[in-house]
Amino acid sequence: MALQWEAPGETGRGKARSPRAWAKEAAQLSSRSGEWALLCTKSTPHAAVGLAHRVKSGDLAAFSPAGAFEATVRGCRVYVRHVGADGAS
């Protein structure tokens, strides 16, 4: 097989959002505590699960403390709701 000489293309991975980037969405969710909302659609189910985990665990500053938000995934879609600092809506 002959080699094909070319530079690699883009990986398809987007730029990560800064931790403060989710502050607006977190504030909106907090204002309607207990209601589910579509936070975003990721490129893969694996990426969606990763984001949902970071939301639930409070790893993203906007969604802290841990347990203040619930998150679930449907395919590539990440749904989130605010449940309060104690984890109960």
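Just so it is clear, the model here is predicted, and its values are computed rather than measured.
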For [X] and [Y], which heavy atoms make the closest approach, and how far apart are they?
| X | Y | value |
| --- | --- | --- |
| Ala26 | Ala62 | CB-O, 3.3 Å |
| Val83 | Gly67 | CG2-O, 3.2 Å |
| Ser64 | Gly58 | CB-O, 3.8 Å |
| Cys40 | Trp22 | SG-CH2, 4.1 Å |
| Ala48 | Cys76 | CB-O, 3.7 Å |

Inset, instruction - Nearest 0.5 Å please: distance from the CG atom of Leu60 over to the CD atom of Glu25. - result: 11.0 Å

Inset, instruction - Could you check Leu39, Val73, Thr72 and say which one makes a side-chain contact (heavy atoms from CB on, under 4.5 Å) with Tyr79? - result: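 Answer to the side-chain contact (heavy atoms from CB on, under 4.5 Å) test with Tyr79 among Leu39, Val73, Thr72: Thr72.
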
Legend entry - Mutual orientation of the aromatic rings belonging to His82 and Phe69 [parallel < 30°, tilted 30-60°, perpendicular > 60°]: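 Taking Phe69 first and then His82, their aromatic rings stand perpendicular (interplane angle over 60°).
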
Inset, instruction - Indicate, with yes or no, if Val80 and Leu38 share a hydrophobic cluster defined by side-chain heavy-atom contacts under 4.5 Å among Ile, Leu, Val, Met, Phe, Trp and Tyr. - result: no

Legend entry - Arg81/Glu70 salt bridge by N-O under 4.0 Å criterion: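 Yes, Glu70 and Arg81 are salt-bridged.
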
Inset, instruction - Would you indicate whether the side-chain heavy atoms of Gln28 and Arg32 approach each other to under 4.5 Å? - result: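 No, their side chains stay 4.5 Å or more apart.
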
